[in-house]
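All heavy atoms count here, side chains included; hydrogens, waters and symmetry mates do not. In what follows, chains are A, B, ... by sequence order, proteins preceding strands, each numbered from 1.
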Number of protein chains: 4
Amino acid sequence: MESAPVILVALLHGPDRPGLVAKTSGWIFENGGNILHADQHRDTELGVFFQRIEWSAQSSAPAADSTRFQLFAETLGMNARVATSSQRRRIALFVSKFDHCFHDLILRWKAGEYACDIAAIVSNHTDLASAAKGYGLPFHHIPVTADTKAASEARQLDLLRSLDAELVILARYMQVLSADFLQKFGRPVINIHHSFLPAFAGGRPYHQAHERGVKLIGATAHYATAVLDDGPIIQQDVARVTHRHDVNDLVRKGRDLEKMVLAQAVRWHLENRVLAYGNKTVVFD
Amino acid sequence: MESAPVILVALLHGPDRPGLVAKTSGWIFENGGNILHADQHRDTELGVFFQRIEWSAQSSAPAADSTRFQLFAETLGMNARVATSSQRRRIALFVSKFDHCFHDLILRWKAGEYACDIAAIVSNHTDLASAAKGYGLPFHHIPVTADTKAASEARQLDLLRSLDAELVILARYMQVLSADFLQKFGRPVINIHHSFLPAFAGGRPYHQAHERGVKLIGATAHYATAVLDDGPIIQQDVARVTHRHDVNDLVRKGRDLEKMVLAQAVRWHLENRVLAYGNKTVVFD
Amino acid sequence: MESAPVILVALLHGPDRPGLVAKTSGWIFENGGNILHADQHRDTELGVFFQRIEWSAQSSAPAADSTRFQLFAETLGMNARVATSSQRRRIALFVSKFDHCFHDLILRWKAGEYACDIAAIVSNHTDLASAAKGYGLPFHHIPVTADTKAASEARQLDLLRSLDAELVILARYMQVLSADFLQKFGRPVINIHHSFLPAFAGGRPYHQAHERGVKLIGATAHYATAVLDDGPIIQQDVARVTHRHDVNDLVRKGRDLEKMVLAQAVRWHLENRVLAYGNKTVVFD
Amino acid sequence: MESAPVILVALLHGPDRPGLVAKTSGWIFENGGNILHADQHRDTELGVFFQRIEWSAQSSAPAADSTRFQLFAETLGMNARVATSSQRRRIALFVSKFDHCFHDLILRWKAGEYACDIAAIVSNHTDLASAAKGYGLPFHHIPVTADTKAASEARQLDLLRSLDAELVILARYMQVLSADFLQKFGRPVINIHHSFLPAFAGGRPYHQAHERGVKLIGATAHYATAVLDDGPIIQQDVARVTHRHDVNDLVRKGRDLEKMVLAQAVRWHLENRVLAYGNKTVVFD
């Protein structure tokens, strides 16, 4: 009996050298795959080659195929991550009191835009507990205070591990995760910052923007690192403002920006389109 | 003596089938080339495969390399065009009285943005003769009236052939080229239409837009075909307008749109990034 | 006891003549009001003057103030509508099966972005009944078939009248309202069309856009009139697409456009910023 | 004999109080003027009222009208600047070696977009001397070195005074003007900075942007103050970039941004639409 075709997506990077495109595409062809999309990039300054390949394989064992491709990539000196269409990434949503990104992401997920499972809603407040329940999603209240931060992060880590969460999304979580937490979690964390980074990092960016009199406000989705509001940028966008807009208007207009920018970054991440290297990203869109 | 590396760019399309990426990249690798960029697309509805590959070749005979790759592509059932970095495309600029696209394109060319030669400025009016002379460019005045149109187009064709012009840019030329002209010329003609096509095709699009009360005006760069303001779209953009803008404001704002949209379309065409098929384009940007 | 200040907003239009700004602002000053915002526009082609004035009044009888201002405006030959901040507009949301605009509008309303009451959700399907119930909003299922259309519209009209609905929003309602319905309702109806009008009016605009190979897709919010996808445009926006996007991608990207464009049009309407005249709008933003 | 109508534009600001709109519009009406546009803004935090009024006056002495309106505004506690349509502002363009903003501004001026006289092109290099001559514009070469900066600025000031220049535009001038120069000149200086301020102030902003891996690059037009790349922002815009763009691409794309942003800021300034206060601007567009 023939199995249904499986889609595999590989993200590779490593030292550039001639023949890499020929070799990876050759391997897939010889192994009975059909390339659906392939995109590559070379950073000529650093001499690094990046590639995303998506192919369909007539395979009854996609996991084995993934491993074999990974081993092959290693022989080329490349680091490879391979995902299969049958896997659904498990994600955890960290929220606080603001609900716009929370509703937006969940409604997109319910509309079928994201092929993932939402394993948990985690919050330091209880404001969104009933909304989460309304969506049928497990809600975990883990309060955080200055004194209890380390203990709270330990509880969060335990939860993430028990759920095998592969991605944390900080949907306006409003708390800084410690370097220790990020290092122990060891998996990607996407944050939305409500400014056009590197402008207006830190607290109250809309107030900073209003104070400075800028004519555009922005939002930035990035991977969280130990440095606040730093980390590789995945997506950014801006909206026009004028002298007529007070801080409340900026906050309101900013909500739409934050939703759109975070939603796009999450989509790209889940579709295996983002490769972070150094403090930058390659986004194969 | 070793020759300097030559860059080749191939644009291919043809019936989709497994292994095309592997085969084209394999050929380049085996022939000593190093792929710099490669991008492909498949139209799953039509079953057509499209590819753009850019590679450096240690070759003393790039023209021969082009031909050999073309023959190879034919064995795969693909149609291929190959350009080399040593070639400079010869273009002719058709203008009328408006000068904004004329100046914009020439200043970009002088700034080194376009690797081409401007073989001629052709106009049905003499308004831009001295400006062309100021840029050191040959100006050809070929008047066009309803009665003399066929004869004028014959003169234009003679001129284009004598110059071996590979591309005609209608930089607000304001005259419709006949189907006969386009067929005889047989090479690409890029037009800029001052609306967001298919809205407001035909004459006085800014007046039409103002009449309809739209909140955005647009511009569209497309390959000219026998059907007016039809033809495969290369690039489009829009700008916001309000009730405060009268027709003159739309015309003024539109000039910036027309410049930007036409300049981008010309860049993509000259960099061999555009494949037209049916009434659409694939733009490998 | 002094009453709290009331905010009044007047929208005026009529034949232009000297002194109108002085006279309206003078009346407000003499009647103890303080102008917060004032904006005007003259259509020089038509000789029409438009004005929006927002002022605070120390008044215990804002309704009487409104009437007095309206009578005063008539003496200037102007037509005036006056709203007070104490009034909350009653709106009815017409939906079908698509839920993105439905959720978006209701979540904005719950976030306090719209000062109105949602008097009813009306649908020809039952798909969104439980979601409406989840939001605590009354849901009315009024099926529509080709045979029963007239009777269904009569039921809709009865409902709207019984609720005293002042605005109908067609949030992807997917049914055409008859000229008779619009005339009998006699109040504004805002529709969202999923194209950049006047391009791709009618059915399946994303399919039309994909077929034509445009590089931008759009959405248009307009007041519904007896002519399908015509009527004064309130807001439009576009998003970039490429050859990589199939019709499903256009539909997905279009959902975000539709939400943003409709939400903005509704906000402007509720804030008394939109004056429709002829087939156009003046938007005092 | 009746004189032709003159257009006057007043920019006012001062402490907010009731009746200001009524009083200024009343004065104009009583003095036989007809208001064409009027726009106002109040900064509720600072309690400041801002207004721009444009009116036509049947006057044989517009200068006297200006003065009379200015005196009237003072009685309201307002600071007012009044310009008349018969005046043409005299501007000086400071350039260095880059020519894109130089050509762009001059071509717009020649196309009639700016009602001003270009009194001088001033440069620390001779690269653009012949281009200026080609446009028929006086070119002044004033070299600047670290040692001679004070003397050079003195020469520049002498020149500006002898020309009665009312505005200096730094069209990618690449030199920092000293606080002393700005104070002595005492008139507005518009600068274009090639980043989205406050991000990437200082030198080589495109390199900084590339280093940080941002997904949008920007340009900012602002009034120059004693603090480098600070000063009230008039206009900003951004363009999308990806990992594919190297620094040269950012520079090329940035040229278009710089042209558009500077051109818009200059237009607003010349049309008396910009009021700077504190470190911000009110732009009545």
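Annotation: maximal heavy-atom pairing with chain C below 4.5 Å, among B/Ala209, B/Gly231, B/Gly278, occurs at B/Gly231. Comparing B/Val283, B/Val238, B/Ile234 by how many heavy-atom pairs each has under 4.5 Å with chain C, the most go to B/Val283.
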Can you pull out the donor-acceptor contacts between chain B and chain C, under 3.5 Å, including backbone atoms?
from	atom 1	to	atom 2	distance (Å)
B/Asp39	OD1	C/Arg244	NH2	2.9
B/Asp39	OD2	C/Arg244	NH2	2.9
B/Gln40	O	C/Arg244	NH1	3.3
B/His41	NE2	C/His243	O	3.3
B/His210	O	C/Lys280	NZ	2.8
B/Arg212	NH2	C/Gly231	O	3.0
B/Lys215	N	C/Gln236	OE1	2.9
B/Lys215	NZ	C/Thr281	O	3.2
B/Lys215	NZ	C/Thr281	OG1	3.0
B/Gly231	O	C/Arg212	NH2	3.0
B/Gln235	OE1	C/Arg240	NH1	3.2
B/Gln236	O	C/Arg240	NH1	3.3
B/Gln236	O	C/Arg240	NH2	3.2
B/Gln236	OE1	C/Lys215	N	2.9
B/Asp237	OD1	C/Arg240	NH2	3.3
B/Arg240	NH1	C/Gln235	OE1	3.2
B/Arg240	NH1	C/Gln236	O	3.3
B/Arg240	NH2	C/Gln236	O	3.2
B/Arg240	NH2	C/Asp237	OD1	3.4
B/His243	O	C/His41	NE2	3.3
B/His243	ND1	C/Val283	N	3.3
B/Arg244	NH1	C/Gln40	O	3.3
B/Arg244	NH2	C/Asp39	OD1	2.9
B/Arg244	NH2	C/Asp39	OD2	2.9
B/Lys280	NZ	C/His210	O	2.8
B/Thr281	O	C/Lys215	NZ	3.2
B/Thr281	OG1	C/Lys215	NZ	3.0
B/Val283	N	C/His243	ND1	3.3

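Contact of C/Phe200 with chain B is made through the side chain alone, with heavy-atom distances under 4.5 Å.
Using a 4.5 Å cut-off on side-chain heavy atoms (C-beta onward), C/Leu197 and B/Val214 make no contact.
In C/Phe98, the CZ atom is not crowded: 12 or fewer heavy atoms of neighbouring residues, nucleotides or ligands sit closer than 6.0 Å.
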